[in-house]
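Okay, structure first, notes after.
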Protein chains: 2
Amino acid sequence: MPARPVDPLGDDYAYVQVADDLERRIGAGEFAEKLPSERALAEEYGCAYTTIRQGMKLLRERGLIVTRQGRGTYVRKQR
Amino acid sequence: MPARPVDPLGDDYAYVQVADDLERRIGAGEFAEKLPSERALAEEYGCAYTTIRQGMKLLRERGLIVTRQGRGTYVRKQR
DNA sequence: GGCGATTTGTACGTATGTATT
DNA sequence: CAATACATACGTACAAATCGC
């Protein structure tokens with residue numbers, strides 16, 4: 001279940017595409033608990049580190065993940 | 001009532017300093033209704049445009065301002 | 001309606017700081 | 001102490017919305 005790389009011509013902004021695709025992958029159970037590092041995701045999605053961070057912020061606001069400095073980003077147990 | 005430029009050695013992060021100082025100036029009634037442009041504020045505060053944007057975001061979350069693309073940023077009528 | 005000027009929005013790449021392992 | 005990972009900050013470029021002429 002690989003990442004769907006960001007489409008620069010897509011209707012949505014890159015960071016929204018990232019957030020939506022990560023949400024899809026999380027929903028599919030791809031990340032049991034911990035997500036790859038932000039830099040690794042940037043490579044996977046073919047976009048900038050800062051764009052990944054914008055997407056992650058969206059997911060935090062959606063309540064899907066929790067991020068801790070120096071540790072990583074984790075899938076939030078349901079709710 | 002000039003801006004208090006960002007202090008790189010301050011306890012708070014630059015973007016928090018910006019937000020706090022703008023809140024102070026808003027409270028003092030310096031901006032009747034419209035704030036200077038983000039780029040102008042960046043010059044005033046001696047920091048990057050993107051840092052101003054982070055501070056503005058904080059102020060939006062605090063409910064103090066409203067921002068509209070192409071128009072500008074406005075002081076929110078109390079509530 | 002067009003055009004340019006202004007202003008906010010998104011995106012990039014990089015550097016450095018801070019926390020955890 | 002070193003490696004890893006997130007956080008902040010910078011500067012730049014271009015896109016998109018708005019406004020005035």
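Not measured: the values here are computed from a predicted model.
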D:dC10, OP1 or OP2 - any side-chain N/O from B:Thr51 closer than 4.0 Å? yes
For side chain to side chain contact (heavy atoms under 4.5 Å, CB included), just list the numbers for A:Leu35 and A:Tyr74, CA-CA rounded to whole Å, side-chain angles, deciding distance to a tenth of an Å, and then say yes or no. CA-CA 6 Å; A:Leu35 269 64; A:Tyr74 300 83; over 6 Å; no
I'd like to know if the side chain of B:Gln17 and the backbone of B:Asp7 have a donor-acceptor N/O pair within less than 3.5 Å. yes
Name the one of B:Thr67, B:Val18, B:Val75, B:Leu22 that satisfies side-chain contact (heavy atoms from CB on, under 4.5 Å) with B:Leu59? B:Leu22
Which sits closer to the 5' end of DNA chain C, B:Arg71 or A:Ala14, going by the nucleotide each is nearest to?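 Closer to the 5' end of DNA chain C: B:Arg71.
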Relative to the 5' end of DNA chain C, which residue comes earlier, A:Tyr74 or A:Gln54, by the nucleotide with the nearest heavy atom?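 Closest to the 5' end, via its nearest nucleotide, is A:Gln54.
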Passes salt bridge (charged side-chain N to carboxylate O under 4.0 Å, His left out), B:Arg4 versus B:Asp20? Steps please. CA-CA 10 Å; B:Arg4 182 186 317 134; B:Asp20 288 347; over 6 Å; no
What nucleotide among [options] has an atom nearest to a side-chain atom of [X]?
{"X": "B:Arg39", "options": "C:dT8, D:dC10, C:dA11", "value": "C:dT8"}
{"X": "A:Glu38", "options": "D:dC10, D:dC6, C:dG13", "value": "D:dC6"}
{"X": "B:Tyr13", "options": "D:dA9, C:dT18, C:dT8", "value": "D:dA9"}
{"X": "A:Thr73", "options": "D:dC6, C:dA11, D:dG11", "value": "D:dC6"}

Once hydrogens and angles are ignored, does a donor-acceptor distance under 3.5 Å link the base of D:dA16 to the side chain of B:Gln69? yes
Checking only heavy atoms, does the side chain of B:Tyr49 share a donor-acceptor pair with the base of C:dG9 at less than 3.5 Å?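 It does, because a donor-acceptor pair links the side chain of B:Tyr49 to the base of C:dG9 below 3.5 Å.
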Considering only heavy atoms, which members of residues 24-37 of chain B lie under 4.0 Å from some atom of DNA chain D? none
Checking B:Glu30 now: which residues fulfil side chain to side chain contact (heavy atoms under 4.5 Å, CB included) with it, not counting sequence neighbours? B:Met1, B:Arg25
Quick check on DNA chain D: between A:Met56 and B:Gly46, whose nearest nucleotide comes earlier from the 5' end? A:Met56
Side-chain heavy atoms under 4.5 angstrom apart, residues restricted to Ile, Leu, Val, Met, Phe, Trp, Tyr: same cluster for A:Val6 and A:Leu41?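 In one cluster: yes.
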Hey, does B:Arg68 reach any base, or is it just sugar-phosphate, or nothing, if we go heavy atoms under 4.0 Å? sugar-phosphate
